[in-house]
Amino acid sequence: MKNYIKELRSSSKLSQAELAKICKVSRQTINAIENDKYDPTLQLAFNIANALDTTVDRLFVNNPKYSKT
């Protein structure tokens, strides 16, 4: 599943470690999600979206071909 965590995190001037701390996960978890190696739980997806001031549906795209972002 394509996601825009890295782009939104960078624009928010947050490091992976800072985002991880806010979401109460490891930096490695954020890295794995950003690199499409791990799909987060629904709760974690909401936590990341809240931390990045966006919505889950804008953060994750099931089919990037049809992305509006």
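Quick note: numbers below take in every heavy atom, side chains included, and nothing from hydrogens, waters or symmetry partners.
- Partners of Asp57 according to the side chain to side chain donor-acceptor pair (under 3.5 Å) rule, which considers only residues two or more places apart in sequence or in another chain, are Thr55.
- Screening residues 4-20 for salt bridge (Lys or Arg N to Asp or Glu O under 4.0 Å), with sequence neighbours left out, gives Arg9-Glu34.
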N/O donor-acceptor pairs under 3.5 Å from side chains in residues 37-46, not counting sequence neighbours:
from, atom 1, to, atom 2, distance (Å)
Thr41, OG1, Leu44, N, 3.1
Gln43, NE2, Asn47, OD1, 3.0

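- Looking only at distances, a side-chain donor or acceptor of Ser12 sits under 3.5 Å from a matching main-chain atom of Leu8.
- Atom CG of Asp53 sits in a sparse spot, with 12 or fewer heavy atoms from other residues, nucleotides or ligands closer than 6.0 Å.
- For the side chain to side chain donor-acceptor pair (under 3.5 Å) test, residues two or more places apart in sequence or in another chain that qualify with Asn35 are Asn31.
- The SG atom of Cys23 sits 4.5 Å away from atom CG of Leu19, with the distance rounded to the nearest 0.5 Å.
- To the nearest 0.5 Å, atoms CG (Leu59) and CE (Met1) are separated by 10.5 Å.
- Taken to the nearest 0.5 Å, the CD atom of Gln16 stands 10.5 Å off from the OG1 atom of Thr29.
- Note that the CD1 atom of Ile48 and the CD1 atom of Ile5 stand 4.0 Å from one another [nearest 0.5 Å].
- Remark: Ile30 CD1 to Ser26 OG distance equals 7.5 Å, nearest 0.5 Å.
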